[in-house]
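Here is the structure we will look at, set down as structure tokens.
Since the structure is predicted, the reported quantities are computational estimates derived from the model, not experimental observations.
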Amino acid sequence: MTGCITAVDIHEHQAGAGSYDGVSRAFSAAVRVTKENAALKQDLKDTQAALATERERNPALVRMAAELSLELEQARAELESAQHVPRLPGARSPRLPPRRRR
């Protein structure tokens with residue numbers, strides 16, 4: 001009987017198609033994982049480069065903070081010493097009329 005499709009033929013065809021489908025899914029998953037791995041490696045390189053840049057900036061920022069701290073301390077000392085200077089009587093406000101003598 002050539003040309004007739006039997007139930008056995010259909011079953012064998014479905015089994016073969018199923019195994020091909022499984023291999024196809026596994027291959028697709030492997031390709032997806034490979035792409036994700038490459039993207040993650042690139043992200044890691046970018047993050048490491050950014051970290052290296054920030055590590056280079058850190059000593060300069062520490063120096064700047066120390067210098068600003070010294071300048072602030074000097075400004076505070078100057079302000080404190082300026083507060084100990086006796087004040088002279090100030091001139092009258094130009095908005096007020098002069099006092100009348102009686």
### Query
Does the pair Glu36 and Arg32 meet the rule for a salt bridge (charged side-chain N to carboxylate O under 4.0 Å, His left out), with working shown?
CA-CA 6 Å; Glu36 288 176 6; Arg32 188 185 79 248; 3.6 Å; yes

### Summary
Those residues at least two apart in sequence (or on a different chain) that pass side chain to side chain contact (heavy atoms under 4.5 Å, CB included) with Val31 are Phe27, Lys35

### Message
Could you work out, with side chain to side chain contact (heavy atoms under 4.5 Å, CB included) as the rule, every residue matching Arg55, not counting sequence neighbours?
### Response
Leu51

### Message
Applying salt bridge (Lys or Arg N to Asp or Glu O under 4.0 Å), can you list everything that pairs with Glu73, at least two apart in sequence or on another chain?
### Response
none

### Summary
Between the CD atom in Glu78 and the CD atom in Glu71, the distance rounded to the nearest 0.5 Å is 10.5 Å

### Query
What residues, two or more places apart in sequence or in another chain, satisfy side chain to side chain donor-acceptor pair (under 3.5 Å) together with Glu54?
Arg57

## Note on the structure
Sorted by chain and residue number, the side chain to side chain donor-acceptor pair (under 3.5 Å) partners of Arg76 (sequence neighbours excluded) come out as none

### Task
Verify, without hydrogens or angle tests, whether Ser69 (side chain) and Ala65 (backbone) share a donor-acceptor contact under 3.5 angstrom.
no

Review item, side-chain donor-acceptor pairs of residues 40-50, under 3.5 Å, at least two apart:
unit_1: Gln42; atom_1: NE2; unit_2: Asp46; atom_2: OD1; d: 3.0
unit_1: Thr47; atom_1: OG1; unit_2: Asp43; atom_2: O; d: 2.8

